[in-house]
2 protein chains.
Amino acid sequence: MSKIDSPKGTYNISKLNRPFVTVDILIFTIQDEELKTVLVKRKDLPFKEMWAIPGGFVKIDESLEEAATRELVEETGIKDVYLEQLFTFGDPKRDPRGRVITVSYFALILSKDLSLTASTDAKEVKLFSVNELPPLAFDHQKIIDYAVERLKNKIGYSNIVFGLLPKRFRLSDLQKVYEIILNKKLDKRNFRKKMLSLDLFKESGMEDRTGAHRPAMLYEFKKREVVFFD
Amino acid sequence: MSKIDSPKGTYNISKLNRPFVTVDILIFTIQDEELKTVLVKRKDLPFKEMWAIPGGFVKIDESLEEAATRELVEETGIKDVYLEQLFTFGDPKRDPRGRVITVSYFALILSKDLSLTASTDAKEVKLFSVNELPPLAFDHQKIIDYAVERLKNKIGYSNIVFGLLPKRFRLSDLQKVYEIILNKKLDKRNFRKKMLSLDLFKESGMEDRTGAHRPAMLYEFKKREVVFFD
DNA sequence: TGAATAGTGTCTTTCAGACAATATGCC
DNA sequence: GGCATATTGTCTGAAAGACACTATTCA
């Protein structure tokens, strides 16, 4: 490979100033009744000591999704989760070191599966409530805002929340997830009516008997893959 | 800039194998009652003589959107249109020449504003119905399929079709645009009721008096910028 | 007056949203 | 029995969808 053409003609590769390309991955989970996201503390300039979305360079022979999956495994040890491409941010000034274009992805993870300490680096990695974020490096605040907005919309017409629920769950657990993400109370009767009408779950036959009260039926998702409704 | 850090530590730039980054821009219009898109015939290998989505390299100091806007002007002479980022395609094998990641955008243009011949190159540029596409270079068929799907969804909850209509238009023109994009007939009464309830248009006070039949009221969009509804 | 398109209203069904009482299990 | 959560139904208003006739202009 020594030349590459463009609509305008032919460039010599050596004249082409290529950008860096990274993937950033927004790992969302619910913990202590809050929507949280994984951040890592930067050890180098620029934005040294500031918190940032985990991410890294795309290797020359891996796809974007492979890069995001790899980053996710490196940060959390988790694989086989739903990853969705969010947006590509490419402002020339977004990284003071030079031209870095980042393709962002998000993932929804069960908090009990998250073992952040599993990270082999001595890096500081922490969960932050999306409502109480520290000052963030680069344009990462903008990226998180965008992701949270997408998430709020998407739970309205898809079943992506399955990533935030265990195999078996109560309808009240499901409702709590919606309430936390949307940041508002929902009516129990209307919520159950709507959810059950979607035909996404089935009764597991088991009950939850924790607590001094009537047991709850445990449901399971029929499919743990993304389905759109509406 | 001589070094750039990553979550794993510090790289020397010279060791980082950087990809090329392009923007591809899907220019949609309606002509002869069909949804069409602009394609250019490739003059070089690979995929020589095949049709492709117009696009080009992102310059090192321009944003992705600036690059897409520039490409759009180069292809069509048109500026000031709504451009939406679609998706970033980055399969390592999508371009046989090497690693090329492409950020795709789409635009909706009035066909009478399109002057494809204005292109200064001797390139072949043509409109194709999205239903009768020739064999396409690279993964461009996939990109177009994705864009058409997005477009079909998006007209259901936004006013983006304003890009496909002149300043003043009949409600039957609007309906035709929806029917062509969705590829199905709509009920006139229900369509008008719904559209007028959205409060996106106003009566222009003028009438269309072409044809031997009752004149139609001409409407205008209140805002020629994207608004979401529903 | 015939051809062609514009413009309009009702009924039914579906869905969202407001709203409260009973059921069950554990202590 | 008291506590805590689970489970359930009705009414109302809004919107979607099916459906057909009248209005206006020009040739």
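None of these values were measured; they are calculated from a predicted model. Proteins get letters first, then strands, A, B, ... in listed order; numbering begins at 1 in each.
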Please step through side chain to side chain contact (heavy atoms under 4.5 Å, CB included) for the pair I27(B) and I53(B), ending with a clear verdict. CA-CA 9 Å; I27(B) 303 162; I53(B) 301 166; over 6 Å; no
What do the steps show when you test Y146(B) against F87(B) for ring-ring contact (aromatic ring centres under 6.0 Å, His included), and what is the final call? CA-CA 9 Å; Y146(B) 189 84; F87(B) 198 80; 5.0 Å; yes
Apply side chain to side chain contact (heavy atoms under 4.5 Å, CB included) to the pair I143(B) and F89(B), showing each step before the final yes or no. CA-CA 8 Å; I143(B) 298 177; F89(B) 295 85; 3.6 Å; yes
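Think of the region where chain A sits on DNA chain D: with heavy atoms and a 4.0 Å cut, that region ends 5' and 3' at dC3(D) to dT10(D).
Residues L26(B) and S104(B) form a side-chain contact, since some pair of their non-hydrogen atoms from C-beta on lies under 4.5 Å apart.
Using a cut-off of 4.0 Å between Lys/Arg side-chain N and Asp/Glu carboxylate O, E33(A) and K176(A) are scored as salt-bridged. Of the charged side-chain nitrogens involved, at least one lies within less than 4.0 Å of a carboxylate oxygen, so that D173(B) and R170(B) count as a salt-bridged pair. With respect to the salt-bridge test (charged N to carboxylate O, under 4.0 angstrom), the residues K167(B) and E220(B) qualify.
Nucleotide dA16(C) holds its P atom 13 Å from the NZ atom of K184(A), rounded to whole Å. Rounded to a whole Å, the CD atom of Q175(A) is 14 Å from the C1' atom of dG17(C). For the pair D230(B) CG and dA16(C) C1', the interatomic distance rounds to 13 Å; values are reported in whole Å. If you measure from atom CZ of F191(B) to atom P of dG7(C), you get 13 Å, rounded to the nearest angstrom. Between the P atom of dT5(C) and the CZ atom of R192(B) lies a distance of 14 Å, rounded to the nearest Å. To the nearest angstrom, P of dA4(C) lies 15 Å from NZ of K176(B).
By the side-chain contact (heavy atoms from CB on, under 4.5 Å) test, K79(A) is found to be paired with V73(A), residues two or more places apart in sequence or in another chain being considered.
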Report, as a single string ordered 5' to 3', how protein heavy atoms within less than 4.0 Å touch nucleotides 19-27 of chain C: B base, S sugar-phosphate only, - not at all. BB--BBBB-
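At least one side-chain nitrogen or oxygen of S172(B) sits closer than 4.0 Å to the OP1 or OP2 atom of dA6(C).
In this structure, the ring of F221(A) has its center less than 6.0 angstrom from the ring center of F201(A).
In this structure, R170(B) reaches the sugar-phosphate backbone alone: every heavy-atom distance under 4.0 Å involves primed, P, OP1 or OP2 atoms, never a base.
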